[in-house]
Amino acid sequence: MLAPAVTRVQVLIITIIVFGCEPATKEKQSFDSFPSLRMVSEVEPLEEFIEAHVGKIKPMRKKASLAYWDAANTGNLEDYDRFSKLQFEIRQIYSNPEEFALLKDIKESGRVKDAILARQLDRLYNGYLKNQIDLQLLKRIVDLSTEIEKNFSTFRGTIDGEKVTTNEIKEILKTETDSVKRERAWLASKQVGPVVAADIIQLVKLRNEAARKVGFDNYHTLSLTITEQTVAEVDEIFDKLYESTNEPFAKLKLDLDCILAAKYGIAVTELMPWHYHDPFFQESPMVYDLDLDGYYKDKDVRELAVRFYAGIGLPVGSILANSDLNEREGKNPHAFCTDIDRQGDVHILCNLKNNEYWMETILHELGHGVYDKYHDPKVPYLLREPVHSFTTEAIAMFFGRLSRNPAWMEQMLGLSDQQRTEIEEVSRKYAQLKQLIFVRWAMVMYDFEKQLYANPDQDLKSLWWETVEKYQFVKRPKGRNEPDWASKIHFTVAPCYYHSYVLGELLASQLHHHIVHNILKLESDENVSYVEQSKAGDFLREKVFEAGAVYHWNDMIERTTAEPLTTKYFIAQFVE
Ligand SMILES: [Zn+2]
């Protein structure tokens with residue numbers, strides 16, 4: 001999805017922190033969709049623990065979700081305070097050292113043989129593990145990251161002594177053709193770096209301290225482990241992606257550079273970081289003539305989404321009945337989806353306009369929505385959530401991509417063949433450009449952040465530019481010696497998360513390939529729109545949504561597509 005928006009990230013953080021589960025007692029007997037090899041006498045202490053834990057956590061989690069929902073809708077400080085307070089109370093439960101010790105004992109004894117109970121134990125254990133930080137250290141971490149965030153939100157860069165907003169900088173980078181003015185805008189976007197860099201390094205060290213106390217090398221390793229990943233497996237995926245995108249990216253970037261250089265009246269060799277259309281070269285510059293908004297302006301994107309999801313057999317009426325879709329003063333200007341109670345009360349927040357961006361966004365958020373909505377209610381509460389943040393991102397991306405799919409647009413918007421051909425030409429190019437630029441940028445984030453946590457005392461200014469040059473083929477400005485990495489807010493608000501966006505794209509492509517060839521039984525994905533294809537919706541519901549977190553993410557993917565997560569379908573779809 002686009003440039004990962006902070007607000008979407010925030011919701012993910014909330015769901016990561018707010019673990020919970022429900023008494024499974026009356027459900028257990030009838031629970032027969034998934035493997036069970038239970039030996040009651042041996043696991044009783046765990047079942048008792050889960051029941052008590054659930055009794056506490058379930059209502060708290062629901063209250064916290066509702067408080068966040070209120071806050072996002074009203075912008076009221078009291079709602080935000082209520083949310084933070086509840087979040088802190090939940091966190092306190094997960095920081096209990098005696099309960100963690102008990103879970104650790106049970107886990108290490110290896111005596112839980114029942115697959116469903118073992119999965120609940122794993123999720124619980126990870127939930128406790130990440131919160132085993134003493135309160136004093138936790139407070140220092142929270143205070144410092146709040147301080148950094150505040151500096152980010154109040155700092156304004158300057159151009160010729162005049163303060164400028166982020167939006168003004170973005171506008172200049174999108175439209176200005178004078179290189180000097182572009183350079184000044186880009187420099188203004190980096191001025192926050194020196195203000196926050198030392199604090200971020202300190203925050204990294206505190207997070208590392210917390211990670212070491214529970215036996216990890218550093219916070220990066222801990223973060224991946226508690227989300228059931230290993231550094232080695234993510235490295236392997238990124239290495240493959242790097243190798244297979246090197247040449248295509250070089251070619252595509254050269255084409256792009258030629259267009260940009262001509263536009264600015266300079267030589268290709270003179271292109272600098274400020275010649276791309278955003279401060280980090282993470283988005284595709286709009287250089288080809290494509291205006292998709294025109295096709296949506298007389299349509300109702302909400303109605304299109306409702307009709308599409310109904311046709312695919314995943315009705316969203318009950319989600320939209322509880323959602324808030326229109327712009328309003330004080331309301332969060334972005335979009336997110338939240339599962340309030342893991343019992344079907346799912347809300348999305350949007351600020352709809354009838355254009356392509358909001359068509360994509362509502363399809364995306366409803367993708368999260370149907371994943372949450374269609375969990376099997378018989379799955380124990382603790383496992384009744386997407387197995388990983390990247391798997392729900394994948395479903396959201398799978399559906400979000402349709403807003404630019406020519407076949408989908410033709411059918412849903414009633415376009416002529418000619419209109420469809422026009423879109424086809426350019427939208428394919430943009431889809432490639434967007435995906436390649438984004439994955440190469442995400443490689444910078446993943447690699448740099450890993451090294452940041454491994455050694456926060458190294459020369460990070462140089463490391464950043466070496467990483468940018470390696471992956472993005474963008475030159476370090478001569479003599480530049482500033483902490484340009486620190487102007488990216490994600491290091492503070494969404495640490496060690498960026499790779500999830502990439503894994504989400506990979507899985508979206510893998511699911512697409514599998515559904516096209518094995519479920520719809522087609523030779524290729526040409527003309528595939530998914531419109532009225534309830535087989536596709538049924539498949540996703542049965543294989544992905546209903547299972548929740550019953551299987552490890554890679555087991556779920558293998559059960560669904562007959563192979564573990566792979567880069568090859570993303571490569572085939574966007575790179576070759
Ligand atoms: Zn999303």
Side-chain angles (χ1 to χ4, degrees), residues 1-18 65 68-69 72 227 229 282-283 301-302 305 308-309 312 314 316 319-320 322-325 332-340 342 346-352 356-375 385-405 431 434-435 438-439 441-442 445-446 489-490 493-512 530 540 544-545 548-549 553 556-557 565 570:
M1 172 80 214
L2 312 173
V6 170
T7 37
R8 281 188 190 139
V9 172
Q10 281 169 342
V11 176
L12 288 165
I13 293 167
I14 295 155
T15 52
I16 290 163
I17 292 168
V18 184
S65 302
Y68 185 78
W69 176 252
T227 56
Q229 291 172 327
Q282 66 179 79
E283 293 165 22
V301 295
R302 178 189 190 278
F308 169 71
Y309 276 101
I312 201 169
L314 301 168
V316 294
I319 299 175
L320 293 179
N322 296 327
S323 294
D324 194 310
L325 303 178
N332 179 324
H334 303 286
F336 66 85
C337 172
T338 175
D339 184 354
I340 299 290
R342 301 191 191 185
V346 177
H347 300 188
I348 68 166
L349 180 141
C350 285
N351 289 272
L352 293 181
E356 193 270 333
Y357 173 82
W358 283 105
M359 185 75 254
E360 175 181 7
T361 304
I362 190 170
L363 289 169
H364 178 104
E365 297 309 335
L366 285 171
H368 289 303
V370 291
Y371 200 155
D372 293 336
K373 176 93 196 165
Y374 294 107
H375 292 316
E385 62 175 344
V387 62
H388 201 286
S389 53
F390 91 78
T391 63
T392 181
E393 221 46 71
I395 297 298
M397 287 161 171
F398 177 94
F399 288 115
R401 287 175 182 178
L402 293 171
S403 68
R404 302 176 156 226
N405 172 321
K434 175 176 162 168
Q435 295 289 353
F438 184 72
V439 296
W441 157 247
M445 289 295 287
Y446 175 71
I489 195 170
H490 291 67
V493 299
C496 311
Y497 185 78
Y498 228 81
H499 63 287
S500 290
Y501 299 118
V502 173
L503 302 187
E505 296 285 6
L506 300 184
L507 179 56
S509 290
Q510 189 168 341
L511 288 168
H512 171 68
Y530 294 113
L540 288 173
V544 182
F545 308 165
W553 58 266
M556 181 279 283
I557 294 172
L565 184 65
F570 177 84

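Here the structure is a predicted model, which is why all the values come from computation and not from measurement. Each ligand, and each atom within it, is numbered from 1 in the order the structure gives.
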Legend entry - Under 3.5 Å donor-acceptor, Y501 side chain and V439 backbone: no
Inset, instruction - Name all residues meeting the ring pair (Phe, Tyr, Trp, His ring centres under 6.0 Å) criterion together with Y530; count only those two or more places apart in sequence or in a different chain, and write none if there are none. - result: F398, H512
Inset, instruction - For the Zn ion (ligand 1), decide whether H368 has an N, O or S atom at a distance under 2.8 Å. - result: yes
Legend entry - Side-chain heavy-atom pair C350, H364 within 4.5 angstrom cut-off: no
Inset, instruction - Can you tell me, to 10 degrees, how wide the angle at the Zn ion (ligand 1) is between NE2 on H364 and OE2 on E393? - result: 90°
Legend entry - Residues that N322 engages under side chain to side chain contact (heavy atoms under 4.5 Å, CB included), provided they are two or more places apart: D345, H347
Inset, instruction - Assess E365: does it contribute an N, O or S atom lying under 2.8 Å from the Zn ion (ligand 1)? - result: no
